[in-house]
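For reference, the structure is listed below as structure tokens.
Just so you know, ligand 1 is whichever comes first in the structure, and atom 1 is the first atom listed for that ligand. Numbers for residues simply follow the sequence, beginning at 1.
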Amino acid sequence: MLSASCKFVLIRGKILFMKITVLEGDGIGPEITSEAVKVLQAVGNIYDINFEISYAAIGGDAIRKFDTPLPQETIDVCLASDAVLLGAVGVPEFDTIAPEKRPEQGLLKIRKALGGFANLRPAKIYKSLADASPLRPEILGNNTDFLIVRELLGSIYFGEPRGYEENDGNRKGYNTMSYTVSEVERVAHIAFQAAQKRNKRLASVDKANVLETSRLWRETVINVAKSYPDVKLEHLYVDATAMMLVTNPNHFDVILTENMFGDILSDEASVLTGSLGMLPSATIGGKVGLYEPIHGSAPDIAGQNIANPCGTIASAAMMLRFSSEYQEAATAIENAIEKVLEQGYRTKDIARGGEFVSTVEMGELIVKAITENSASRSNSQTV
Ligand code: IPM
Ligand code: MG
């Protein structure tokens, strides 16, 4: 019998059990998460991992069913899991409702409830997708590969006071951008440690020429850097970074930045790699890891079986990497995505007007690649 406090049971190095909550969310969310679940089941069969998967409501889906974008029950089931895999949140029909009831509030609140403050967004060019990038080949090069570490629980997304007021018939909306030293320190440590495992270069991105928040951010990062003498630190303004991402993307190894700058820069980074649909993310540092593609709910293409599930499937790989011991299964998923792209299969967003496969077909192709890779591996082991 598994005890409730037991995260996973290890038998001869194998994870026997991992409890995952899937939050499908809105728009294309259900389609893309269902492909990721298929892929998890495939690696589960190969690597003897039993995934216990529960589903819970968030966003517009939850508003329709429970009149709130994040029911308490969803928080409870997520907190009782080893990891949470999320599709996407956002529905245009709720654009005009009270701000605290919007679908996006569900996403912000689950991020807060799970406590992960470091959102890792790797931007890696798959070589076979280089022609889907809007950048000229001589600018893109062939090894664009950097990691954005976005602070996820602070700044203007959560700062108080916020709201609207009206003076003499003139309405005003306002938000507060703020950071404490400890909030900056904890995410900076994650970024420096990530840089140590990569090419040991860290760009801390701020707007210290204008904002107090950014000056405190910069001072704090400089202090944290003393513990990582092997990492080369530079400071860049966010506007210059936006420009450098499209003029010299290979400049970057790890980018550390605050919540809103990270939101904006990661969308920019994603299209360099061919499509917003390709990029995964992992949110770590809290009680339970949260894994989600970086794109939105794409309501314009929802239900058409044309969305790209790769970002979500790659997020499932990150989930195994960061919330389980099972690195081999994570690598198997990543290799399978790469193989399917190398074989020339494309979803509509990366097909450049050519032939494309559906969401479901892409999921099935990745499952097939995982199965074939594992068969050829065990054959070569028995030879
Ligand atoms: C993201 C998204 C979200 C964010 C939205 C949907 C609230 O854009 O994950 O990047 O701004 O964080
Ligand atoms: Mg975003």
Side-chain angles (χ1 to χ4, degrees), residues 23-30 32-33 36 57-63 68-70 74 84-95 97-123 147-159 162 175 177 179 183 187 205 238 241-242 245 255-273 275-286 289-302 307-308 310-312 314-315 318-319 349:
L23 305 176
E24 297 178 311
D26 303 316
I28 59 172
I32 53 179
T33 45
I58 194 168
D61 175 43
I63 297 175
T68 164
L70 188 67
T74 298
V84 176
L85 181 69
L86 184 136
V89 163
V91 196
E93 77 182 83
F94 296 120
D95 274 357
I97 62 171
E100 67 284 2
K101 287 193 109 184
R102 282 183 65 109
E104 288 78 4
Q105 281 304 313
L107 179 56
L108 299 184
K109 285 189 174 145
I110 194 69
R111 286 176 179 169
K112 190 133 219 171
L114 299 182
F117 52 84
N119 180 226
L120 313 182
R121 299 190 158 189
L147 172 71
I148 298 181
V149 179
R150 169 187 177 192
E151 198 292 326
L152 204 65
L153 291 187
S155 187
I156 203 157
Y157 271 59
F158 293 93
R162 62 191 296 158
N175 295 86
M177 180 184 260
Y179 269 112
E183 284 173 323
V187 71
V205 173
V238 62
T241 307
L245 278 174
I255 294 175
L256 164 66
T257 192
E258 65 95 55
N259 202 345
M260 186 166 64
F261 299 162
D263 177 46
I264 298 168
L265 294 177
S266 59
D267 267 30
E268 186 187 0
S270 73
V271 290
L272 304 184
T273 70
S275 165
L276 192 57
M278 293 301 302
L279 253 65
S281 87
T283 303
I284 58 168
L290 173 65
Y291 301 88
E292 47 175 322
I294 79 150
H295 59 71
S297 58
D300 52 323
I301 59 162
N308 185 345
C310 289
T312 317
S315 300
M318 289 189 92
M319 180 173 81
D349 53 320

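Of the protein's non-hydrogen atoms, the one nearest atom 8 (O) of ligand 1 is Asp263 OD1, 3.2 Å. Among all non-hydrogen protein atoms, the one lying nearest atom 6 (C) of ligand 1 is Leu107 CD2, 3.8 Å. The protein heavy atom nearest to atom 1 (C) of ligand 1 is Arg121 NH2, 3.4 Å. From the protein, the heavy atom lying nearest to atom 4 (C) of ligand 1 is Tyr157 OH, 3.5 Å.
Side chains of Asp349 and Ser275: a donor-acceptor N/O pair is present below 3.5 angstrom, by distance only.
For ligand 1, one of its N or O atoms has an N or O atom of Arg150 under 3.5 Å away.
Nearest heavy-atom pair, Asp26 versus Ile58, reported as atom, atom and distance to 0.1 Å: OD1-O, 4.1 Å. Here the closest heavy-atom approach between residue Ser315 and residue Leu85 is recorded as CB-CD1, 4.2 Å. Scanning both residues, Tyr179 and Glu151, for their nearest heavy atoms gives OH-OE1, 2.7 Å.
When side chains are defined from C-beta on, Arg150 does not count as touching Val187, because their heavy atoms never get closer than 4.5 Å.
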### Task
Any chance you could lay out the side-chain contact (heavy atoms from CB on, under 4.5 Å) test for Phe261 and Ile255, step after step, and finish with the verdict?
CA-CA 11 Å; Phe261 299 162; Ile255 294 175; over 6 Å; no
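The nearest N, O or S atom of Asp263 is closer to the Mg ion (ligand 2) than 2.8 Å.
Among Arg111, Arg102, Gln105, the residue whose heavy atom lies nearest to atom 3 (C) of ligand 1 is Arg111.
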